[in-house]
S.K.: 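Following this message is one structure expressed as structure tokens.
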Amino acid sequence: MAHFSKLAAMALAMAGMAVATAASARDLTVVAWGGSTQAAQKKVYYGPFSSQTGIPVLEDSWSGGVGILRAKVQAGQPNWDVIQVESDELHIGCDEGLYEKPDWAALGGKDAFMKDAVSECGVGSVVWSVALAYDADRLKEGPKSWADFWNVQQFPGKRTMRRGPKYNLEFALMADGVPAADVYKVLRAPGGADRAFAKLEQLKPHIVWWTAGGQPGQLMASGEVSMAASYTSRMFAARRDDKRNFQVVWAGSIYAVDHWVVLRGSPNRDKAMQMVQFMTRPDIQKELPPLSFQGATNLEAAKRTDPSVMSSLPTDPANLAVAAPLDVEFWVDNIEQLTQRFNAWASR
Amino acid sequence: MAAGTVRAPAGRSRFRLRLGAWLLILPLFLFAAGTFVIPIGLMLVRSVQDPDFAAAFPRTAVALAAWDGRDLPPDATARTFLAELQAARGGDRISPAATRLNADLAGFRSLLLRTARNARAVGEDGLGTLAAIDARWAEPGLWAAMRRAAGPLTDYFLLAAIDLQRTDDGSIAAMPETRAVFVDVFIRTLWIGFVVTAFCLVLGYPVAYLIANAPARWANLLLVVVLIPFWTSVLVRTTAWVVLLQRDGLVNGLLRWSGIVEQPLALIYNRTGVLVAMVHVLLPLMILPLYSVMKGIGPSPMRAAMSLGARPLEAFARVYLPQTRAGIAAGALLVYISAIGYYVTPELVGGGGDQMISYFIAFYTNRTLNWGLAAALSLILLLATGLLYLAYARIEVRPEAGK
């Protein structure tokens with residue numbers, strides 16, 4: 001049976017993805033989420049790493065999904081080495097044995113990093129956040145909370161939220177009066193999801209769903225919506241690059257950590273680990289937040305980050321204090337059933 | 001005798017010719033088999049296989065299969081399970097098993113993994129030991145879910161793909177309303193495919209006619225105009241529609257400027273946006289086969305019909321249209337089959353109620369590793385397509401046979 005599923009995985013990898021070239025002749029390949037964030041990573045991480053070590057680095061980008069990683073590992077000779085994964089992919093993939101384990105002593109010890117960045121299978125790369133955002137040029141009096149986000153009388157206009165249950169159920173409960181710290185306790189209790197969906201139902205006619213991280217900014221810029229639940233990094237990038245007057249409300253935001261992992265069976269394992277160590281060094285990592293508006297995971301790097309961008313980062317103590325961490329275990333357990341429920345609900 | 005000696009070499013050379021022909025297509029055949037037929041076949045087989053739980057807990061699976069499913073299993077089964085749980089701890093097999101159980105019962109994944117981490121030496125009381133780790137182990141529903149996952153074959157995924165499930169006593173029942181989504185999505189997928197095909201035909205037919213009957217240099221120019229978007233990435237074309245159709249986009253700007261509407265129309269992030277973008281993306285697939293057929297139709301039959309007294313519309317309907325049937329058939333089939341597999345376009349320009357079945361297949365394959373359900377959904381989509389094709393082929397063949 002195991003042999004058979006291996007065959008199927010191999011088949012899937014062959015059908016769905018480019019056939020891996022001979023792995024031995026392949027350069028170290030790093031995979032991140034594309035866009036301006038990866039461009040910043042190239043400037044801060046990949047370029048300096050190559051020039052300092054002489055190791056050539058190939059880049060690729062992806063949009064997540066532990067299925068791709070499983071197919072690559074099971075097929076043998078994966079064509080990716082270092083990958084930036086979200087925390088659910090870290091957890092499932094770690095349980096499935098898809099990653100090489102990092103040597104924490106070589107990384108500077110577990111105490112050098114924030115707690116959420118430390119795990120058995122990966123090293124935290126950045127801290128990112130989803131929060132309420134609005135265009136201050138259109139809304140003179142801005143919303144202050146998720147309850148305001150739901151208040152279409154006082155704050156007219158459509159809203160945009162990520163299509164799917166993740167984050168939205170949390171925000172709905174906060175709008176319904178649940179404190180950020182208790183959101184997952186309520187969601188786990190019987191009736192918690194019902195309550196969140198009932199609250200979402202109130203806002204449903206006013207919601208435009210987004211699927212790609214760039215859309216909220218676009219939708220606000222074009223006037224399609226007046227408010228968004230958006231990645232905060234995108235909002236600050238639009239302020240800098242497009243001179244938009246987007247404002248972020250950190251109260252009730254949800255933050256999560258992305259991680260660097262090395263795929264099991266990588267022919268470039270040692271170079272890959274060397275690169276992960278390089279990218280999480282304080283003097284290197286501290287250069288990323290001013291470019292990508294994501295927080296550093298290395299505590300020393302966070303301390304040494306340019307103070308002028310600090311208040312724009314999820315890792316700013318004032319911002320962390322009013323935010324809730326994403327509960328990965330809740331979402332790994334419930335994403336299937338809540339996604340089915342979300343789609344049944346959204347199409348009604 | 002003489003005839004025999006002549007026939008034998010002729011037979012042999014025909015055989016050699018045929019062999020040569022086979023050898024010529026052999027690379028294509030092997031390629032198609034290796035990259036298409038076998039992978040898809042192996043994937044589809046997963047819709048009736050249930051190997052993951054038994055791979056991690058082989059003896060528990062056997063014991064559960066022998067259990068009648070009522071109340072709680074015998075304590076010996078719980079002790080076997082505990083022993084296998086400790087053996088599986090830290091290995092690669094427990095996670096696929098946990099994923100499988102979690103698909104049936106949300107929360108099972110973390111429960112199983114946490115129990116594995118906390119499982120200690122087994123005493124006399126297996127069920128008691130488990131219940132001490134987590135009270136949920138005293139619930140019969142948990143064990144029933146494990147029994148359903150015992151494999152090696154299962155109808156769980158196929159039933160789930162049509163919003164059905166087996167209850168704890170083994171009978172088939174409807175999924176609870178909050179999880180029943182796939183039947184609607186299948187109907188929506190087939191319906192969107194149908195509407196898109198109809199629009200493509202209505203819009204593409206005159207275009208193909210125009211190209212087929214235009215003077216050569218105009219025809220070439222028009223063909224290029226059709227082909228350039230055809231060669232452009234679907235993603236680019238879809239996002240271009242976002243620019244055109246959004247609230248303050250070009251189309252709404254034009255409509256408001258000309259005074260046709262006062263408030264901007266909702267043209268995107270709903271079904272309208274999906275249909276507009278999909279019809280545009282798929283239109284060349286309708287135009288090209290139609291064009292190739294129309295190109296071979298001369299003007300004489302139409303002229304003859306009209307000189308015999310048929311009005312233009314009648315001549316078109318009775319003389320021209322039947323001659324283009326092969327083109328309509330090919331175009332409609334290409335568009336329809338492409339349309340029901342669509343994923344990116346509804347994702348980008350659709351709303352909450354416009355997702356098609358490919359979205360779910362990708363979700364279960366890539367996000368949650370529920371490859372069994374992904375396979376079952378794919379199998380149903382493939383069967384639906386196959387059945388439609390057969391029905392259509394019958395309709396197509398009948399008039400030919402009557403000739």
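In the text below, chain A, chain B and the rest are named by the order of the sequence lines, each starting its count at 1.
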S.K.: I'd like to check Thr178(B) versus Phe197(A) (side-chain heavy atoms, cut-off strictly below 4.5 Å). Are they in contact?
M.R.: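 Result no, sub-4.5 Å side-chain heavy-atom pair not found.
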S.K.: Where on Asn270(B) is there a heavy atom nearer than 4.5 Å to chain A: the side chain, the backbone, both, or neither?
M.R.: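 For Asn270(B), neither part sits under 4.5 Å from chain A.
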S.K.: Which pairs count as salt bridge (Lys or Arg N to Asp or Glu O under 4.0 Å) when at least one residue sits in residues 179-190 of chain B, sequence neighbours excluded?
M.R.: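 Listed by first then second residue: nothing to list.
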S.K.: Do Lys158(A) and Arg247(B) have side chains that get closer than 4.5 Å, going by heavy atoms?
M.R.: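 Contact flag for Lys158(A)/Arg247(B) side chains = no.
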S.K.: Could you check which of Pro264(B), Gly151(B), Ala106(B) has the highest count of heavy-atom pairs closer than 4.5 Å to chain A?
M.R.: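 Among Pro264(B), Gly151(B), Ala106(B), the one with the most close pairs to chain A is Ala106(B).
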S.K.: Could you tell me whether the side chain of Arg109(B) reaches within less than 4.5 Å of the side chain of Ile92(A), counting heavy atoms only?
M.R.: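 The answer is yes, as the side chains (C-beta and beyond) meet within the 4.5 Å cut-off.
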S.K.: Where is the tightest heavy-atom contact between Gly65(A) and Arg367(B), given as atom of each residue plus distance?
M.R.: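 So the two residues come closest at N-NH1, 3.7 Å.
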S.K.: When only pairs under 4.5 Å are counted, which of Tyr359(B), Phe36(B), Phe108(B) shares the most heavy-atom pairs with chain A?
M.R.: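 The answer is Tyr359(B).
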S.K.: Please look at Phe360(B) and chain A and tell me whether the side chain, the backbone, both or neither of the residue comes under 4.5 angstrom of a heavy atom of that chain.
M.R.: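 For Phe360(B), the side chain is the part near chain A, not the backbone.
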S.K.: With only heavy atoms counted, which part of Leu348(B) is less than 4.5 Å from chain A, the side chain, the backbone, both or neither?
M.R.: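 For Leu348(B), backbone and side chain are both near chain A.
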S.K.: Run the side chain to side chain contact (heavy atoms under 4.5 Å, CB included) test against Ala54(B) and tell me which residues pass, sequence neighbours left out.
M.R.: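 For Ala54(B), the residues satisfying side chain to side chain contact (heavy atoms under 4.5 Å, CB included) (neighbours in sequence not counted) are Ala61(B).
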S.K.: Tell me, for Arg114(B) versus chain A, whether the close heavy atoms (under 4.5 Å) come from the side chain, the backbone, both or neither.
M.R.: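 Looking at Arg114(B), just its side chain touches chain A.
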S.K.: Could you name the residues of residues 334-348 of chain A that have a heavy atom within less than 4.5 Å of a heavy atom in chain B?
M.R.: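 Answer by number: Asn334(A), Ile335(A), Glu336(A), Gln337(A), Thr339(A), Gln340(A), Arg341(A), Asn343(A), Ala344(A), Ala346(A), Ser347(A), Arg348(A).
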S.K.: Could you check if a side-chain atom of Val66(A) sits within less than 4.5 angstrom of a side-chain atom of Leu369(B), using non-hydrogen atoms only?
M.R.: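 Counting from C-beta outward, Val66(A) and Leu369(B) do come under 4.5 Å.
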S.K.: For a 4.5 angstrom cut-off between non-hydrogen side-chain atoms, does Arg163(A) reach Gln355(B)?
M.R.: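 Arg163(A) reaches Gln355(B) side chain to side chain.
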S.K.: Calculate, to the nearest 0.5 Å, the distance between atoms CG and OG belonging to Asn252(B) and Ser222(A) respectively.
M.R.: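 Going from CG on Asn252(B) over to OG on Ser222(A), the span is 10.5 Å.
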S.K.: Among Gly352(B), Ala362(B), Gly353(B), who wins on heavy-atom pairs under 4.5 Å with chain A?
M.R.: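 It is Gly352(B).
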S.K.: Could you name the residues of residues 201-217 of chain A that have a heavy atom within less than 4.5 Å of a heavy atom in chain B?
M.R.: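 So far as heavy atoms go, Val208(A), Trp209(A), Thr211(A), Gln215(A) are the residues that approach chain B to under 4.5 Å.
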S.K.: Does Asp95(A) use its side chain to pair, donor to acceptor, with the backbone of Ser95(B) at less than 3.5 Å?
M.R.: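 Answer holds: no.
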S.K.: With a 4.5 angstrom heavy-atom cut-off, could you sort out which part of Glu329(A) is near chain B: side chain, backbone, both or neither?
M.R.: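 Looking at Glu329(A), just its side chain touches chain B.
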S.K.: Under a 3.5 Å distance rule, please check whether Asp248(B) uses its side chain to pair with a backbone N or O of Gly223(A) as donor and acceptor.
M.R.: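 No: the side chain of Asp248(B) does not pair with the backbone of Gly223(A).
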S.K.: Let me know if Asp104(B) has heavy atoms under 4.5 Å from chain A in its side chain, its backbone, both or neither.
M.R.: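 Interface part for Asp104(B): backbone (N, CA, C, O).
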